[in-house]
Amino acid sequence: MNTYPGHNMLAASILSILLTGQLHAQTSDSPVLPDNAQPTAQQTSKTPTGHATASSRKAVQLENVTVTAQHREEQVQKIPISINTISGVQLDRLQVRTLEDVKFVVPNIVIEPNTGLGSGAKIFMRGVGQEEVLFTADPAVAVYINDVYIPRQNGAMLDLYDVERVEVLRGPQGTLYGRNATGGAIRYITRKPDGKNSLKLDTTLGNLGRRDLRLSFGTHAGKVDISGAIMTRNRDGYMRDLSHDREVNNSHIDAARTTFTMPVGDSTYATLNLDYLKDNSGPTFPTPVKLDANGKVLPVLGSFYDTRTDILGAYSLEQYGAVLTTDTDFGSFSLRNILHTRGMDNLFYIDMDGTEQTRFHLYQDQKERQYGYEAQLASQIEGPFSWVGGFFSFRETNSQPTRQDVFAIGPTNNISQQTNALALYWQGTYAFTDRLNLIAGARYSFEKKDFLVVSTKANGTPNFTSQQTKIWRRPDWKLGFDYNLTDGVMGYATVTTGFKSGGFNGRAQTAATATAVNAETLRAYETGIKSSLFDDRVQLNVDYYRNDYAALQLSAINQDGILTLSNATGALIQGVEMDAQVQLTHQWHVAAGFGTIDAKYQDFAAINNSTFLGQGLKDAPKFQWNLSTTYIQPLATADLVFTAQLRQTDLYYQNLGLSRVIMTPTHLDAAARIAYEPHSKHWSLALWGKNLNNNHVATGGFNIPQIGVTMIYPSIPRTYGVDFTYRFF
């Protein structure tokens, strides 16, 4: 087994904190609890004078987090899957403000802005993902908002405002989620109305012209409970366009969300969610780079934050959605109906070469509409057998003109595609004894895609036309067991299959290359232990995974600068993961995690040795670790809350060719926050910093020497600022 530098550093950090915390625990008796620690009955008992008893002051426990990852409410430590949750004030204290920030908490994940798109989300989990934003290529990590599937990477770098919690399901989710979840799934659960009147203002000011505002509210009108929020997120550019003497790569996003809930009859509850987002940020520009004689990456223009361009560029994104959910209690089972519609309009023309020539530009104007219905049933009878099942129906239509300009205005491909997907699924658990449970599940998926491309040359004459229809049918299954070794320790093992349907090469330059790609399939094996130890003061979860992929879908850029989509051969990806939480004292909480990825191509023909033999996969760092700590220092009338985070990631590559010049090197990220939180709970103030060590690593890039394009998108430099929160009522 390979040894990585991060192992020793992680072990030393955890050991130091644990030893220090144990010494502190022996002297600390304050009853103040962080928000992720839940007081027990002993902790809440009081003497007649209102002070906690001596025994209550010693009780320290972690919260029993409840999730709905398997379509029913369950304690996260009781379900046999690899999952991370971020909930409550952890979102603020850990500075999880957008989807990208989730990577500070979750092992074995790469989340970066999609190349050239500030609001696009490139997600790779356990080494599997997709960076092509064109709708003819589907992502491999499914994103859900309130049980509604978000199919496109464009606009998926969502702001986490008015969110109750985030659930990250690591690894394939072939049975309950199925569609395009061969890498994993991420679920946003928004805040539910509680019938109380509330109004809260959150503001953020920082360097780079950071100006954020979030206003959330709650109220009720008769039987209807209402909650909602509006937000605006603004930041000046962090790169300098030397050609036009301006700052670029700025951010300007406005959004709103509201939720209505009400009872319907005696046994049904209805929820309506509405949301809207407008992104008026500018386009994202890269910087050209080169390798020196020692193999060090250097900026061509003197700084990683300088660029040149021959165009001003354009970018706009608008998306909106509505979902109506009803929950009905039938006694022996419950039924949830989910009916939704969403839309997105995304226009951009971006310069991806970092020069004052038209070497590599991309234009597209996408219109996306989706409609869906899902029925989820869950058993409610007490007994040895429990189950969930459902029906999934989804339709998506997309259309857009797209053009790649390589040294000259290129042909325009007018592309349209309609996708219809249906699935039936079921998963059950049977308790043979009070310790041993058998898990079995199945899903049958049907997917049809109608694809049309009409290509026109730059002079207006026809180029080519291709029209195709493909259908994929796929049965998937899951089989496993979990066993309670002790009251607080559970072991489990599962085998799961999954698939991602095929697609088309929408950026083809000829009819012959506008071909379909096959479905991506896999069989996944996982075994792990989930434990709650030392009177629920410690949670330690460890797993080993092995994913065998066939026909892995990969996107690449050929030597002419043309984006392509194809099937690779098979791939074997395996590794181990650990995540842990420790409630050292009432005031001190520590969380840590690590993950390894050993990813290799396999089952390829000898003719492809030069392409695949001994090669690893892109966006698959061999080792990652994260460490965070929260400490609450009680004052007379307030709390000081200190939070610090570290995350180290091994090197990984930004393209299939594994080019070192656009490689993301091994790097350490650091963030910290200190908050003053008065007990009155009317207001709070916090100072924060991110990327404290001022990394400038690549979050994307292109290396196409044949057309003279070698450039990266550098990470945002060090940022810092202040948060202010005021609760009106």
Side-chain angles (χ1 to χ4, degrees), residues 1 67 69-71 74-85 106-109 123-129 140-142 167-178 180-187 388 425 427-430 435-443 476-485 489-500 520-532 539-550 552 570-580 593-600 602 617 620-624:
M1 184 175 183
V67 297
Q70 297 192 132
H71 299 338
E74 299 171 292
Q75 290 184 8
V76 69
Q77 287 297 101
K78 301 294 185 182
I79 55 178
I81 59 175
S82 301
I83 180 173
N84 293 88
T85 62
V106 180
N108 272 350
I109 193 169
I123 310 173
F124 278 69
M125 197 178 296
R126 291 180 174 175
V128 174
V141 178
E167 301 175 0
V168 182
L169 288 69
R170 306 194 305 271
Q173 306 297 319
T175 304
L176 295 181
Y177 294 89
N180 300 337
T182 51
I186 300 176
R187 304 180 69 238
V388 295
Y425 61 87
Q427 183 170 305
T429 301
Y430 186 83
R435 291 184 179 273
L436 176 63
N437 297 313
L438 175 68
I439 307 156
R443 185 183 186 101
D476 285 301
W477 52 268
K478 179 175 184 177
L479 188 64
F481 71 90
D482 63 73
Y483 185 80
N484 294 311
L485 302 168
V489 180
M490 177 187 70
Y492 68 91
T494 59
V495 183
T496 308
T497 67
F499 100 113
K500 184 174 75 169
E520 177 180 293
T521 63
L522 83 154
R523 181 172 295 181
Y525 307 85
E526 184 171 315
T527 182
I529 292 178
K530 306 185 82 168
S531 59
S532 298
Q539 290 179 359
L540 177 62
N541 303 329
V542 182
D543 67 79
Y544 163 78
Y545 67 91
R546 175 191 171 109
N547 298 336
D548 288 298
Y549 287 87
L552 191 68
L572 172 62
I573 306 175
Q574 58 186 331
V576 296
E577 296 168 333
M578 182 278 289
D579 59 84
F594 75 79
T596 69
I597 301 175
D598 180 13
K600 294 183 176 65
Q602 64 178 6
L617 276 64
K622 291 184 177 180
F623 185 69
Q624 292 179 316

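If you're wondering where the values come from, they're calculated on a predicted model, not measured in any experiment.
A side-chain N or O of Y544 and one of Q574 form a donor-acceptor pair less than 3.5 Å apart. Using a 3.5 Å distance cut-off with no hydrogens or angles, the side chains of Q539 and D579 do not pair a donor with an acceptor.
Going from atom CG of D482 over to atom CD1 of I81 covers 11.5 Å, rounded to the nearest 0.5 Å. Residue L552 holds its CG atom at 6.0 Å from CG of L617, rounded to the nearest 0.5 Å.
With a 4.5 Å cut-off on side-chain heavy atoms, R187 and I83 do not count as touching. Counting heavy atoms from C-beta on, the side chains of M125 and V106 never come closer than 4.5 Å.
Under the 3.5 Å distance criterion, the side-chain polar atoms of K478 are left unmatched by any main-chain donor or acceptor of G174. Under a 3.5 Å cut-off, the side chain of E74 and the backbone N or O of V67 do not form any donor-acceptor pair. One N or O on the side chain of T497 and one on the backbone of W477 form a donor-acceptor pair closer than 3.5 Å.
Judged by the 6.0 Å distance and 45° axis criteria, R126 is positioned over the aromatic ring of Y545.
Nearest heavy atoms, I597 versus G127: CD1-N, 3.7 Å. When all heavy atoms of G595 and P107 are compared, the pair lying nearest together is N-CB, 4.0 Å. Heavy atoms only, all atoms of each residue included: S82 and D543 are closest at OG-OD2, 3.2 Å. Of all non-hydrogen atoms in T182 and G498, the two that sit nearest each other are CG2-C, 4.3 Å. Of all heavy-atom pairs between R443 and T175, the closest is NH1-O, 2.8 Å. Nearest approach of Q173 to G171, heavy atoms of both residues: NE2-O, 2.9 Å.
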So V576 and F594, side-chain contact (heavy atoms from CB on, under 4.5 Å) or not? Walk me through it.
CA-CA 8 Å; V576 296; F594 75 79; 4.0 Å; yes

